[in-house]
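To start, the structure under review is shown below, and the notes come after it.
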Number of protein chains: 2
Amino acid sequence: MKKFAVGIDIGGTYTKLGLVDKDGNCPVQSKLPTKGHSDIEEYLKNVKIEVDKLTNQIDDCEIVGIGIGVPNGNFYKGTIEHAANLEWKGVVPLIEKLKPIFPGIPAILTNDANASAYGEAIFGSAKGVKEFITITLGTGLGSGIVVNNKLVYGNNGFAGELGHTRAVDNGRECGCGKKGCLETYCSSTGLKRTLLEMLAIKKAPSKFRDLGINDFHGEEITEEALNGDEVAKAAFEKTGFILGRSLADFVAFSEPEVIYLAGGLVSSGELLFEPTRRSFEEHLMNSYKGKVKIMPSGLMDMNAAILGAAALIWNEYE
Amino acid sequence: MKKFAVGIDIGGTYTKLGLVDKDGNCPVQSKLPTKGHSDIEEYLKNVKIEVDKLTNQIDDCEIVGIGIGVPNGNFYKGTIEHAANLEWKGVVPLIEKLKPIFPGIPAILTNDANASAYGEAIFGSAKGVKEFITITLGTGLGSGIVVNNKLVYGNNGFAGELGHTRAVDNGRECGCGKKGCLETYCSSTGLKRTLLEMLAIKKAPSKFRDLGINDFHGEEITEEALNGDEVAKAAFEKTGFILGRSLADFVAFSEPEVIYLAGGLVSSGELLFEPTRRSFEEHLMNSYKGKVKIMPSGLMDMNAAILGAAALIWNEYE
């Protein structure tokens, strides 16, 4: 029998899943829409269909467990709680609902950002790194914190919401109801808002003066910045300044060895990393300067959340 | 034989020490000046003399170890590193220097704020609380973070410097070289600076208009605020606002069950706690609101750092 864990990454638009062996190989993957599945029972039946398709592609396949990464996932309770970007409102007892559909198979869920951090630890660049933080710069900003080789879950399973720490006093309105949250500046959405701000501040010509914000795309902002667009370059500069400054404060909390950046925005490369590292060093306390690395995730081409969710299972299994 | 651990709290002015049994009883205490002891060898000999005086007061006394809390103490290396408020500059290998003076007795040191957190966990209000943060509001602001029953030490032993996170954008100059650090607002020194600011902003009469800042004292600011001094009351209001806002961000990191406040400023009671809790709840993310307590330390009348330093030894001993 070949043993696999099912890793499931539930996002607002799509659910991605794959079979992951204990070495982090993921030979088969699949996806199904999350959006439009407001009936969770029906959604889970469709998940089951996808899992069966995957297992049928492997000879002698044995499933040792199911690991799930999901926004607002509560590791302790196996629930999804008040997830702003999902159609299931309130508190959803996902693991409880999963059990009759996959009888006898252990299942664990956690926050998607925690799952990514776990994937980094087990299968990515953080192997052997005892103290690190992962920051995922996607539509929002997710974070997972590892202290002494263990994920920090917090008292109710909701630790690691660094996207909602105050990056700017009385700053931008955030979807969470607060103001100035880090994710309103440092995320793909944040970059677009900063680009708008720079279009207002600067007089330089820019391709983006002819587009509405809904037509801004991260890849295009990167491309134009690389082509010398002063406004796009200024947007990256500010994004890096704010990100580096906040990361410096996070160091004062857990003093990690490395901060890994993951997510779509990271493909902007040095446009993002150079100003981030510069601001980071500038804002670090003296005793930390030069001692904490900021690096891209080692799982950029893979789905860290699928791998991390599966790793949760392997961790229990062994 | 009665077994005791020696707990030592090294401060900038005084070193306090006591014998602590495994239940946290501290029947004998002593102190000696730290200031003026620029020769560390001589200082340690004087520490030995004080320890001997204490042990001589107890019949059949057995010392099981020496635990030390000290600013900038590095738990991993047993060193004091670049402590701004101590006369010993650079990196001091304290444990190494202690060994020949106390041959055969195990010795551990840690950051003084971590020692206080440890004392709270073992002998104070945090017994049974797995996730908490202690904030010590003294001359500066010290912090100790406990995650899943364990102190967070960080990669090099310097985690938990929350006094040097950014409380205000481009704010007050801090002794650490940065600007806007939390301890420049929330500490006894910070309260005095805020009182100055309020004297400038407000027109109300105040006793403090006749005093220089060097003559401001925390107890007097409390007393005048209780007597209705509008300027002193405004200083506490702002202190609480800034402290509560920063504590809300710390929750987004480790999601503690309780945040304990310790140190001299806590004796101001509700003058400090009420605006702190109000600002805290206002700035918390919705998913945390109403779930995290802010409480005074359970060791206010005792020396938490002595108890905590001794507890480090008891933890190893058992």
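Numbered from 1 within each chain, the chains take letters A, B, ... in sequence-line order.
- Shown here for B:Val152 and A:Phe253, the closest heavy-atom pair between the two residues is CG1-O, 4.4 Å.
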Got a list of the donor-acceptor pairs under 3.5 angstrom between chain A and chain B?
residue: A:Asn155; atom: N; partner: B:Glu255; partner atom: O; Å: 2.8
residue: A:Asn155; atom: N; partner: B:Glu255; partner atom: OE1; Å: 3.2
residue: A:Asn156; atom: N; partner: B:Glu255; partner atom: OE1; Å: 2.8
residue: A:Asn156; atom: N; partner: B:Glu255; partner atom: OE2; Å: 3.1
residue: A:Asn156; atom: ND2; partner: B:Glu255; partner atom: OE2; Å: 2.9
residue: A:Gly157; atom: N; partner: B:Glu255; partner atom: OE1; Å: 3.2
residue: A:Phe158; atom: N; partner: B:Glu255; partner atom: OE1; Å: 2.8
residue: A:Phe158; atom: O; partner: B:Tyr288; partner atom: OH; Å: 2.6
residue: A:Gly160; atom: N; partner: B:Ala252; partner atom: O; Å: 3.1
residue: A:Gly160; atom: N; partner: B:Phe253; partner atom: O; Å: 2.9
residue: A:Glu161; atom: N; partner: B:Ala252; partner atom: O; Å: 2.7
residue: A:Arg166; atom: N; partner: B:Asp249; partner atom: OD1; Å: 3.2
residue: A:Arg166; atom: N; partner: B:Asp249; partner atom: OD2; Å: 3.2
residue: A:Arg166; atom: NH1; partner: B:Ala167; partner atom: O; Å: 3.2
residue: A:Arg166; atom: NH2; partner: B:Ala167; partner atom: O; Å: 3.4
residue: A:Ala167; atom: O; partner: B:Arg166; partner atom: NH1; Å: 3.2
residue: A:Ala167; atom: O; partner: B:Arg166; partner atom: NH2; Å: 3.4
residue: A:Asp169; atom: N; partner: B:Asp169; partner atom: OD2; Å: 3.1
residue: A:Asp169; atom: OD2; partner: B:Asp169; partner atom: N; Å: 3.1
residue: A:Lys178; atom: NZ; partner: B:His283; partner atom: O; Å: 3.0
residue: A:Asp249; atom: OD1; partner: B:Arg166; partner atom: N; Å: 3.2
residue: A:Asp249; atom: OD2; partner: B:Arg166; partner atom: N; Å: 3.1
residue: A:Ala252; atom: O; partner: B:Gly160; partner atom: N; Å: 3.1
residue: A:Ala252; atom: O; partner: B:Glu161; partner atom: N; Å: 2.7
residue: A:Phe253; atom: O; partner: B:Gly160; partner atom: N; Å: 2.9
residue: A:Glu255; atom: O; partner: B:Asn155; partner atom: N; Å: 2.8
residue: A:Glu255; atom: OE1; partner: B:Asn155; partner atom: N; Å: 3.2
residue: A:Glu255; atom: OE1; partner: B:Asn156; partner atom: N; Å: 2.8
residue: A:Glu255; atom: OE1; partner: B:Gly157; partner atom: N; Å: 3.2
residue: A:Glu255; atom: OE1; partner: B:Phe158; partner atom: N; Å: 2.8
residue: A:Glu255; atom: OE2; partner: B:Asn156; partner atom: N; Å: 3.1
residue: A:Glu255; atom: OE2; partner: B:Asn156; partner atom: ND2; Å: 2.9
residue: A:His283; atom: O; partner: B:Lys178; partner atom: NZ; Å: 3.0
residue: A:Tyr288; atom: OH; partner: B:Phe158; partner atom: O; Å: 2.6

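- Contact annotation for A:Leu284: only backbone heavy atoms (N, CA, C, O) come within less than 4.5 Å of a heavy atom of chain B.
- Neither the backbone nor the side chain of A:Val292 comes within less than 4.5 Å of any heavy atom of chain B.
- Using a 4.5 Å cut-off between heavy atoms, B:Val129 does not touch chain A at all.
- Note on A:Val147, A:Val251, A:Leu162: by heavy-atom pairs under 4.5 Å with chain B, the leading option is A:Leu162.
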